[in-house]
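The structure appears right after this line, and notes come after that.
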Amino acid sequence: MADPKGFMTTPRQDWPRRPVEERVRDWDEVYVPGALLPIITEQADRCMDCGIPFCHDACPLGNLIPEWNDLVSREDWRQAADRLHATNNFPEFTGRLCPAPCEAGCVLAINQPAVTIKNVEVAVADRAWELGFTPPRPPDRLSGRTVAVIGSGPTGLAAAQQLTRAGHTVAVFEKDDRLGGLMRYGIPEFKMEKRHLERRIEQMRAEGTKFRTSTAVGRDVGAAELRTRYDAVVIATGATAWRELDVPGRELAGVQQAMEYLPLANRVCEGELAVSPMSAAGKHVVIVGGGDTGADCLGTTVREGAASVTQLDIYAQPGGERDEDVEPWPTYPKIYRLSAAHEEARDLETAPAANADARLFAASTLRFTGDEDGHVRSLHLVEVDEARRPVEGTERTLPADLVLLALGFSGPDRGDGLVEQLGLEMEPRGTIARDAGFGTNVPGVFAAGDAARGQSLIVWAIAEGRSVAAAVDGYLTGTSQLPAPIGPYDRPMAV
């Protein structure tokens, strides 16, 4: 390490966010442009270069974190970029969107604030682009083998890039009109500007990957036909089958799924729409669900000018410190975190009926009621105990002109007919069944990402893409030198 006492002399300093009043008036990323580079070398110096770096195990990609921390502390950006890209195809995505389980596994985090690994990662990624260290890497020769990748989210893109660089001819099929999956239409612009996505896609085009947008496999092109046209098929459609809320009044107009609402806001940012037809402007909004998708809805409704916004979380409010008895280091703890969206809601006081950051914890929805025109106007809730049982006498009503359901996803959408046309076996929980080599019951058809793993993090999605690429390469050629950071049955570290 460059400074053996860095972790003792330098306090943690995160990438500063822009003032709330400024950033909610636009859709730009929430961080102060250019403010990370002046602080990042000292922050990288805080890495202790541990004998056993648990951050490696906490990250499913196996990122070489101490190595690129040391290189950043010496401002050797080229070598840092090489080490970063050795394990991660898209570090500018994970550096912005991943919740950083690596930081939870940082040895320094046992009794001090962790190294700002996520900030170092995004600094290296952005610097690599600025300095021209990420040129296209087309293969030296083609294998003569063809692969169809269904889905252009992080799993599909990672698999496609790895297989293209290995010399295979790869075509990515995307049902939407633009590439990127949930990174395009699910992640708001203020969390990741889409220019980062476009830049990678252009790199992949230059390497030889082909893209087919507005093509739903199973509907626009037959899944069985696709299997006969390509030597291998990778299903990376994601888990887009959203969970429902079965309560009275669900049928009222204005009760929408989060993934019906967020894509429209992203289409406004793309310039496709002037105003979202589901805009929250002037409305009382309630978001049901306490996860990241709910927070994305929160930040979006604030920018659209909602009259009020409240977010319901069925879990009790977590504490601010790790509970070592329940979630010991180096597991990823469930603690109270203040996202940029919650910070905005707190400072703007968007939800006077809720806690300071717009969240109501330990709250369960009982029913919705509407007006004579069949439009939702209120949400009735009740407090619950740790077993999610209603607490007597705690019922209350919130005004609600727009309700957004952000309850997670159960598996791949079955509407296009892909699963049935291929005859794929499914797991009881709704995901695609696969073997230890990522293969499905159909020879030559592989499944990866949320479609097979279930709803997970972007870092796991990219790891799945890299691993399934190695499996497909081995299937096509008999052996593979591509890295496979995880197996299909690997899971995050837990007690």
Side-chain angles (χ1 to χ4, degrees), residues 17-31 93 96-97 99 153 176 178 180-197 240 242-243 245 253-313 337-351 354 357-360 376 379 398-409 458:
R17 296 168 179 165
R18 295 188 289 142
V20 168
E21 297 77 9
E22 171 191 319
R23 70 187 193 235
V24 297
R25 292 197 295 267
D26 61 42
W27 294 88
D28 297 341
E29 289 181 6
V30 300
Y31 296 102
F93 301 168
R96 288 173 166 84
L97 304 177
D176 285 327
R178 292 183 177 89
L182 290 185
M183 290 190 297
R184 172 74 67 180
Y185 288 128
I187 300 297
E189 190 84 356
F190 58 82
K191 285 184 70 174
M192 188 183 79
E193 295 172 8
K194 301 307 179 283
R195 60 187 175 89
H196 304 294
L197 178 59
T240 56
W242 52 58
R243 294 191 177 98
L245 184 63
V255 182
Q256 309 288 159
Q257 286 283 348
M259 287 310 300
E260 295 174 311
Y261 168 76
L262 287 172
L264 293 170
N266 275 303
R267 290 185 183 277
V268 171
C269 293
E270 294 277 5
E272 182 180 334
L273 299 173
V275 179
S276 168
M278 288 187 192
S279 174
K283 298 177 181 177
H284 296 288
V285 182
V286 180
I287 301 162
V288 183
D292 289 341
T293 302
D296 292 344
C297 290
L298 177 62
T300 301
T301 57
V302 167
R303 282 162 177 76
E304 288 182 337
S308 70
V309 192
T310 306
Q311 183 180 8
L312 307 185
D313 190 331
R337 294 178 173 88
L338 191 70
S339 72
H342 293 116
E343 180 184 47
E344 293 158 6
R346 179 197 65 189
D347 290 1
L348 298 175
E349 299 180 348
T350 70
D357 63 4
R359 282 178 281 192
L360 276 177
V376 68
L379 179 149
L398 298 177
D401 306 312
L402 175 64
V403 176
L404 301 174
L405 305 180
L407 301 170
F409 306 91
I458 185 172

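Position 1 is the first residue of the sequence; numbering continues from there.
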E343/R23 salt bridge by N-O under 4.0 Å criterion: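 Yes, this pair counts.
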Closest approach of [X] and [Y], non-hydrogen atoms and distance?
| X | Y | answer |
| --- | --- | --- |
| V24 | E21 | CG2-O, 3.9 Å |
| Q311 | G290 | NE2-CA, 3.4 Å |
| A258 | C297 | CB-SG, 3.6 Å |
| F409 | W242 | CD2-CA, 3.7 Å |
| I187 | L97 | CG2-CD2, 3.6 Å |
| T300 | P188 | OG1-CG, 3.9 Å |

Could you walk me through whether D401 and H284 pass the side-chain contact (heavy atoms from CB on, under 4.5 Å) test, one step at a time? CA-CA 5 Å; D401 306 312; H284 296 288; 3.5 Å; yes
[X] side chain vs [Y] backbone, donor-acceptor pair below 3.5 Å:
| X | Y | answer |
| --- | --- | --- |
| T350 | V309 | yes |
| E272 | R267 | no |
| R96 | H196 | no |
| E22 | P19 | no |
| R17 | Y31 | no |
| E29 | E193 | yes |

Which pairs with one or both residues in residues 278-296 pass salt bridge (charged side-chain N to carboxylate O under 4.0 Å, His left out), sequence neighbours excluded?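 Sorted result for residues 278-296: K191-D296.
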Rounded at 0.5 Å granularity, tell me how far [atom1] in [X] sits from [atom2] in [Y].
| X | Y | atom1 | atom2 | answer |
| --- | --- | --- | --- | --- |
| Y261 | E304 | OH | CD | 3.5 Å |
| S308 | E349 | OG | CD | 12.5 Å |
| I458 | L182 | CD1 | CG | 10.0 Å |
| H342 | D357 | NE2 | CG | 5.5 Å |
| D176 | R184 | CG | CZ | 9.5 Å |
| L405 | Q257 | CG | CD | 5.0 Å |

Pair R359, L338 - check side-chain contact (heavy atoms from CB on, under 4.5 Å), show working. CA-CA 11 Å; R359 282 178 281 192; L338 191 70; 4.3 Å; yes
Give the intermediate values and the outcome of side-chain contact (heavy atoms from CB on, under 4.5 Å) for residues L379 and V288. CA-CA 10 Å; L379 179 149; V288 183; 4.0 Å; yes
Please report the C-alpha distance between R303 and V268 in whole Å, then the side-chain angles of each, then the deciding distance to 0.1 Å, and finally whether the side-chain contact (heavy atoms from CB on, under 4.5 Å) criterion is met. CA-CA 12 Å; R303 282 162 177 76; V268 171; over 6 Å; no
Test item: L262 and T293 side chains (from C-beta on) under 4.5 Å apart, heavy atoms: yes
Heavy-atom check, side chain of V403 versus side chain of L245, under 4.5 Å: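 SC-SC contact between V403 and L245 ruled out.
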Test salt bridge (Lys or Arg N to Asp or Glu O under 4.0 Å) on E270 and K194; report intermediate values, then the result. CA-CA 9 Å; E270 294 277 5; K194 301 307 179 283; over 6 Å; no
Is it the case that the side chains of R178 and Y185 hold a donor-acceptor pair, with the cut-off being a distance below 3.5 Å and no angle test? yes
